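Letters A, B, ... are given to chains in the order of the sequence lines, protein chains preceding strands, and every chain is numbered from 1. This is a predicted model, so every value here is computed, not measured.
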Protein chains: 2
Amino acid sequence: MRVKITDIAKLLDISPSTVSRALAGSPKISDKTKKKVIDLAKQLNYLPDLVAQSLKSNKTKTIGFIIPDISNPVCPEITKGAEDLASENNLNVILCNSDYKTVKEIENLKTLIQKRVDGILIIPAGNGNYLNKILDDIKCVLLDKKPGSKFEKNHVYTDHEAGAYLATKHLIELGHNKIAIVNGPKNHSPCEQMEKGYIKALKQFGIPLTSEYIRKCNFKKEHGCKEMKALLSLGKEKWPTGIIFISDMTAIGAYDAIYEKDYKIPRDFSIIGYDNILEAKYFNPPLTTVNQARYELGQIGMRLLIDELKDKKNSEKKIIKLEPRLVVRESSGPPAKP
Amino acid sequence: MRVKITDIAKLLDISPSTVSRALAGSPKISDKTKKKVIDLAKQLNYLPDLVAQSLKSNKTKTIGFIIPDISNPVCPEITKGAEDLASENNLNVILCNSDYKTVKEIENLKTLIQKRVDGILIIPAGNGNYLNKILDDIKCVLLDKKPGSKFEKNHVYTDHEAGAYLATKHLIELGHNKIAIVNGPKNHSPCEQMEKGYIKALKQFGIPLTSEYIRKCNFKKEHGCKEMKALLSLGKEKWPTGIIFISDMTAIGAYDAIYEKDYKIPRDFSIIGYDNILEAKYFNPPLTTVNQARYELGQIGMRLLIDELKDKKNSEKKIIKLEPRLVVRESSGPPAKP
DNA sequence: CTGTTAGCGCGTTCAT
DNA sequence: ATGAACGCGCTAACAG
């Protein structure tokens with residue numbers, strides 16, 4: 001059995017509240033009793049029961065953290081940024097994967113609320129518009145989702161519209177005019193933004209949209225490979241010469257499809273990824289990509305949440321936008337002359 | 001204010017215990033009251049307070065999960081394996097990073113115990129021998145640590161001795177006899193095992209040990225780069241021609257050091273990594289490495305823990321050993337002829 | 001300075 | 001089939 005406050009009280013023949021106060025360092029307790037209590041507690045290896053404390057205090061010192069998939073290479077650093085700061089503030093993090101499913105996300109949310117977490121950090125699986133009801137009066141921060149017109153929550157997000165715009169413009173300036181985007185699923189906030197940025201750049205440079213060049217897939221390598229194969233099957237005349245992928249992982253899947261047919265990058269296809277994962281620099285050829293500050297995203301999100309936890313009066317919500325940055329490497333170049 | 005059982009009771013003019021029983025589906029409650037209660041609960045969006053339940057039941061439905069660093073590319077998949085299974089079993093996971101520091105690890109452990117987690121999954125930061133006292137009567141599973149002679153806990157680990165042996169033997173069979181290992185820090189269980197495997201292979205093939213060829217560093221890219229530079233500074237005569245790294249990330253750091261001096265892989269140096277991260281296949285050249293089943297490690301660990309949670313009688317502890325596998329790619333080849 | 005009492009929200013006796 | 005009373009471990013209000 002674990003030792004509790006009443007055990008110490010009995011052994012010392014004092015009341016439980018005195019023990020509690022002594023342990024809490026209350027100034028009203030004599031130094032003598034304080035010492036007695038603290039010594040015995042140490043000796044018995046007493047550890048306060050945080051569940052009981054939570055019931056009383058209405059605080060759990062625990063944060064819920066919901067992300068799509070920790071094995072997506074983007075997530076670990078976001079998580080680390082959040083966890084590091086939580087740890088510094090004596091907070092623990094419950095990690096939940098939604099697997100990009102809003103149903104699972106909502107289940108996770110309910111459980112977290114039942115566990116009375118002090119706050120929630122969430123990267124929405126979908127567009128996140130459905131979250132306002134559930135999150136209601138929970139302190140929380142939405143990550144990587146551009147806030148809608150009526151935002152009621154804190155937001156930290158990367159300007160993916162700008163990211164996709166930069167990538168598209170880069171290809172256009174290299175001389176490409178047949179540019180495809182292999183985007184993520186519909187109804188996913190960052191992907192919606194990326195499509196906007198892509199279209200904005202094309203329009204700006206007077207390049208007509210081609211519906212076959214706007215494709216959707218999921219975030220894994222295999223999906224990128226499959227979409228690249230679909231593009232290849234369009235026939236040489238209609239091939240896009242520059243392709244932007246939703247993630248570095250899907251881009252690397254495209255490498256597979258391209259090499260399988262003995263084409264070359266960037267001679268035949270310029271490939272641009274997204275995320276700038278650590279390994280992108282070492283791909284063959286090194287991948288041109290859009291860098292986003294992942295650690296900061298998590299860290300700033302947790303910062304906002306912690307600020308809100310400390311803040312008694314329910315002050316105004318904050319929005320923080322992070323700027324992505326194009327990283328030009330060798331997977332992009334001018335298109336082959338016909 | 002959140003709605004609680006007593007609220008429902010008052011509105012229905014029945015006792016809290018009846019509500020509690022109805023919600024729990026007790027057979028002693030009439031179907032009529034049951035329906036009334038359940039309907040109202042749904043209507044009021046009642047969610048039971050799990051903190052209060054935990055205090056009563058001594059169960060938190062929460063697992064503590066301590067790893068060195070979620071941003072180390074090995075960890076996410078282990079975590080996913082564990083979390084997926086936890087999720088299926090209505091368990092949540094509190095994620096803690098020890099940052100490879102035993103001090104932080106022990107702090108995390110204490111907090112988790114105070115939060116009364118049902119069990120703990122841990123990848124020890126060091127050799128883990130100090131853990132027996134603290135974990136004492138906590139249900140837990142040690143991950144990626146070879147059990148000592150007197151094991152009192154469940155263990156799931158990869159046979160890193162075999163992994164390093166395979167890598168070393170591969171280099172020897174290619175014709176190398178100057179083989180270095182850039183290992184992880186001392187007192188780290190997997191690294192101790194790897195050194196054993198390396199030495200075993202050298203001995204078996206009658207190759208003498210060279211102390212300068214046994215190096216230690218940390219797990220990040222930069223550390224691998226630094227150690228490779230140190231090896232390069234040994235001078236051409238003493239250069240090892242084959243080098244085994246503790247991780248794919250440190251190996252890729254070595255690529256940097258090698259390319260900086262315009263040497264070639266594997267012409268001048270054969271490089272072998274460890275882990276087989278998803279991206280290793282796409283490095284330039286594709287990295288020969290040792291594959292370990294990461295998702296399975298986490299999953300099997302959680303399986304064991306869940307089994308132990310269900311098991312009333314404190315049954316015997318289990319040890320599960322996973323076998324690594326050499327993945328030969330193009331970063332390893334015969335040494336250059338003198 | 002210290003002890004007594006009460007209550008956080010729930011489940012579980014023990015009554016009826 | 002239902003209600004009253006109690007306790008999980010801790011802290012805070014009240015009393016002295």
Side-chain angles (χ1 to χ4, degrees), chain A residues 1-41 44-62 90 110-118, chain B residues 1-41 44-62 90 110-118:
Chain A
M1 290 310 298
R2 46 199 292 167
V3 17
K4 46 201 170 178
I5 264 186
T6 50
D7 297 330
I8 299 183
K10 271 177 201 158
L11 284 169
L12 258 31
D13 202 32
I14 55 180
S15 85
S17 10
T18 307
V19 177
S20 171
R21 283 188 275 244
L23 257 17
S26 158
K28 301 183 185 178
I29 302 289
S30 74
D31 287 351
K32 209 178 69 186
T33 7
K34 240 182 219 171
K35 185 168 162 28
K36 270 198 314 190
V37 169
I38 292 171
D39 285 352
L40 184 57
L44 297 180
N45 200 17
Y46 167 76
L47 291 176
D49 183 325
L50 294 184
V51 174
Q53 281 188 349
S54 293
L55 186 62
K56 188 99 238 274
S57 69
N58 251 323
K59 289 192 176 49
T60 53
K61 292 286 184 181
T62 306
N90 287 314
K110 281 192 185 166
T111 310
L112 291 175
I113 291 172
Q114 294 192 58
K115 293 206 173 172
R116 288 180 157 251
V117 293
D118 294 339
Chain B
M1 290 310 300
R2 46 197 294 165
V3 21
K4 46 202 170 178
I5 267 186
T6 50
D7 297 330
I8 299 182
K10 271 177 200 158
L11 284 168
L12 258 33
D13 202 35
I14 55 179
S15 84
S17 8
T18 306
V19 178
S20 170
R21 281 188 276 244
L23 256 17
S26 157
K28 300 183 182 178
I29 302 289
S30 75
D31 287 352
K32 209 179 69 186
T33 12
K34 241 182 219 173
K35 184 167 162 30
K36 272 199 307 189
V37 170
I38 291 171
D39 284 353
L40 184 57
L44 297 180
N45 199 16
Y46 167 75
L47 291 176
D49 183 326
L50 293 184
V51 174
Q53 281 188 348
S54 293
L55 186 62
K56 188 102 237 278
S57 68
N58 251 323
K59 289 193 176 47
T60 53
K61 292 285 185 184
T62 307
N90 287 316
K110 280 191 184 166
T111 310
L112 291 175
I113 292 172
Q114 294 192 58
K115 292 206 173 172
R116 288 179 159 251
V117 293
D118 294 339

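- The distance between atom CD1 of A:I5 and atom P of D:dC8, rounded to the nearest whole Å, is 14 Å.
- In this model, the phosphate group of D:dT2 is approached by a side-chain N or O of B:S30 to a distance below 4.0 Å at OP1 or OP2.
- At a threshold of 4.0 angstrom between heavy atoms, the contacts of A:T33 are confined to the sugar-phosphate backbone, with no base atom among them.
- Atom NZ in B:K115 sits roughly 16 Å away from atom P in D:dC10 (whole-Å rounding).
- When the P atom of D:dG3 is taken as reference, atom NZ of B:K10 falls 15 Å away, rounded to whole Å.
- Under the side chain to side chain donor-acceptor pair (under 3.5 Å) criterion, A:T111 pairs with no residue, sequence neighbours left out.
- Looking only at distances, no side-chain donor or acceptor of A:K61 sits under 3.5 Å from a matching main-chain atom of A:S54.
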Might you list the N or O atoms of the protein lying below 3.5 Å from N or O atoms in nucleotides 12-16 of chain D, with each pair's distance?
{"unit_1": "D:dA13", "atom_1": "N6", "unit_2": "A:R21", "atom_2": "NH1", "d": "3.1"}

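- Nucleotides of DNA chain C with any atom under 4.0 Å from a heavy atom of chain A span, from 5' to 3', C:dC1 to C:dG9.
- Residues meeting the side chain to side chain donor-acceptor pair (under 3.5 Å) test with A:K115, sequence neighbours left out: B:T62, B:N92.
- Applying the 4.0 Å criterion to OP1 and OP2 of D:dG9, one finds that A:Y46 has every side-chain N and O outside that range.
- For the pair A:L50 CG and D:dC10 C1', the interatomic distance rounds to 11 Å; values are reported in whole Å.
- Projected onto DNA chain D by closest heavy-atom contact, A:L55 and B:P27 fall at different nucleotides, the more 5' of which corresponds to B:P27.
- Over its full length, the helix from C:dC1-D:dG16 to C:dT16-D:dA1 turns its helical axis through 50°, comparing axes from the five pairs at each end and rounding to 10°.
- Here B:S20 pairs with nothing under the side chain to side chain donor-acceptor pair (under 3.5 Å) rule; sequence neighbours left out.
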With a cut-off of 3.5 Å and sequence neighbours excluded, list every side-chain donor-acceptor pair involving residues 2-10 of chain A.
{"unit_1": "A:R2", "atom_1": "NH1", "unit_2": "B:I113", "atom_2": "O", "d": "3.4"}
{"unit_1": "A:R2", "atom_1": "NH2", "unit_2": "B:I113", "atom_2": "O", "d": "3.4"}
{"unit_1": "A:D7", "atom_1": "OD2", "unit_2": "A:K4", "atom_2": "N", "d": "2.8"}

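- Taking B:K110 as the reference, nothing meets the salt bridge (charged side-chain N to carboxylate O under 4.0 Å, His left out) condition, with sequence neighbours excluded.
- Remark: A:T60 engages A:D118 in a side chain to side chain donor-acceptor pair (under 3.5 Å) (not counting sequence neighbours).
- Distances shorter than 4.0 Å separate none of the side-chain N or O atoms of A:Q53 from OP1 or OP2 on D:dG9.
- When the salt bridge (charged side-chain N to carboxylate O under 4.0 Å, His left out) test is applied to B:R21, no partner is found at least two apart in sequence or on another chain.
- Looking at B:L11 and B:L44, their side chains come closer than 4.5 Å, going by heavy atoms from C-beta outward.
- Atom CG in A:D7 sits roughly 9 Å away from atom P in D:dC10 (whole-Å rounding).
- Listed by chain and residue number, B:V51, B:A52, B:L55 satisfy the side chain to side chain contact (heavy atoms under 4.5 Å, CB included) test with A:L55 (two or more places apart in sequence, or in another chain).
- Contacts of B:S30 classified as side chain to side chain contact (heavy atoms under 4.5 Å, CB included), with partners at least two apart in sequence or in another chain: B:K32, B:T33.
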